[in-house]
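Written below as structure tokens is the structure these notes are about.
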Amino acid sequence: MAMPIFAFLLLGIMLFAFAAIAFFFFVFDHRDKLYTYDDDPLVNSNTFDCEFSRIGGSENEHTAIKISVKDGKARLFYSFRPTNGAPTEKKELDLPDDAADKLKAIYREHCVPVLVDCMNREEIALDAPSELIIYSAGENSYTLSKDQLLPEKDRGIFSETEQLMRSYII
């Protein structure tokens, strides 16, 4: 009589443990929907930086585009060297007021604070340039790399950020 009760209790404990593990992974996969921006330093400040860079590759290209926002005023810094030995093109531009809002929209759409926790790929193309996006505000900084295993819906963050930043370069 005691054996079926013990087996039933053991089965219940195991089912509860599997349900808890499944719930944990469900919450872990859906962190971006649960993230609140109440205490996020980038969204809630008028001072932040966003930098897109593409470095290396077979041509040893170097591209750096940085938008720095201070008190609502945005400024773009651009540096481009197409190959080794080529002259570097540099520009500094003042941007319209909506540039900061557009960057913050990309930041929110892809939930960057959650994406930075994605693991790195194991295989990396040696002839491809490395691409980085760095969002920073004060002492807080979030770095995304093209070498990370990003979810399918968030892989476009690199092209979206680069397109937005390049749209301001004359």
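Only this structure's heavy atoms are used, side chains among them; waters, hydrogens and symmetry mates stay out.
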Hydrophobic cluster of Leu15, others only, ordered by chain and residue number, side-chain cut-off 4.5 Å: Leu11

Same apolar cluster: Ile65 and Leu95, side chain cutoff 4.5 Å: yes

Partner set under salt bridge (charged side-chain N to carboxylate O under 4.0 Å, His left out) for Asp98, not counting sequence neighbours: Lys102

Transitive ILVMFWY cluster of Ile13, excluding itself - 4.5 Å side-chain cut-off: none

Partners passing side chain to side chain donor-acceptor pair (under 3.5 Å) against Asn60 (at least two apart in sequence or in another chain): Asn84

Sequence neighbours excluded - ring-ring contact (aromatic ring centres under 6.0 Å, His included) pairs with any residue from residues 111-139: Tyr107-Tyr135

For the student: nearest non-hydrogen atoms of Thr47 and Ala137, plus distance: O-CB, 3.8 Å

Which residues share a salt bridge (charged side-chain N to carboxylate O under 4.0 Å, His left out) with Glu51, sequence neighbours left out: none

With Ala100 via side chain to side chain contact (heavy atoms under 4.5 Å, CB included) - residues at least two apart: Phe48, Val69

Residues which pass side chain to side chain donor-acceptor pair (under 3.5 Å) with Thr63, listed by chain and number, not counting sequence neighbours: Glu61

Contact summary for Phe158 and Ser145, nearest pair of heavy atoms: CZ-C, 3.3 Å

Working for side chain to side chain contact (heavy atoms under 4.5 Å, CB included), residues Asp97 and Lys73: CA-CA 6 Å; Asp97 295 338; Lys73 300 292 182 192; 4.3 Å; yes

Side chain to side chain donor-acceptor pair (under 3.5 Å) against Arg75, all qualifying residues, sequence neighbours excluded: Glu92, Asp94

Sequence neighbours excluded - salt bridge (charged side-chain N to carboxylate O under 4.0 Å, His left out) pairs with any residue from residues 140-149: Glu131-Lys146

Single-linkage hydrophobic cluster, 4.5 Å side-chain cutoff, Ile157 and Ile134 together: no

Pairing residues for Lys91 by the side chain to side chain contact (heavy atoms under 4.5 Å, CB included) criterion, not counting sequence neighbours: Tyr78, Glu89, Ile169

Heavy-atom pair with the smallest gap, counting every atom of Ala99 and Tyr168: CA-OH, 3.4 Å

Atom of Arg54, atom of Pro129 and distance for their closest heavy-atom approach: CG-CB, 3.6 Å

Residues forming a side chain to side chain donor-acceptor pair (under 3.5 Å) with Ser68, sequence neighbours excluded: Asp49

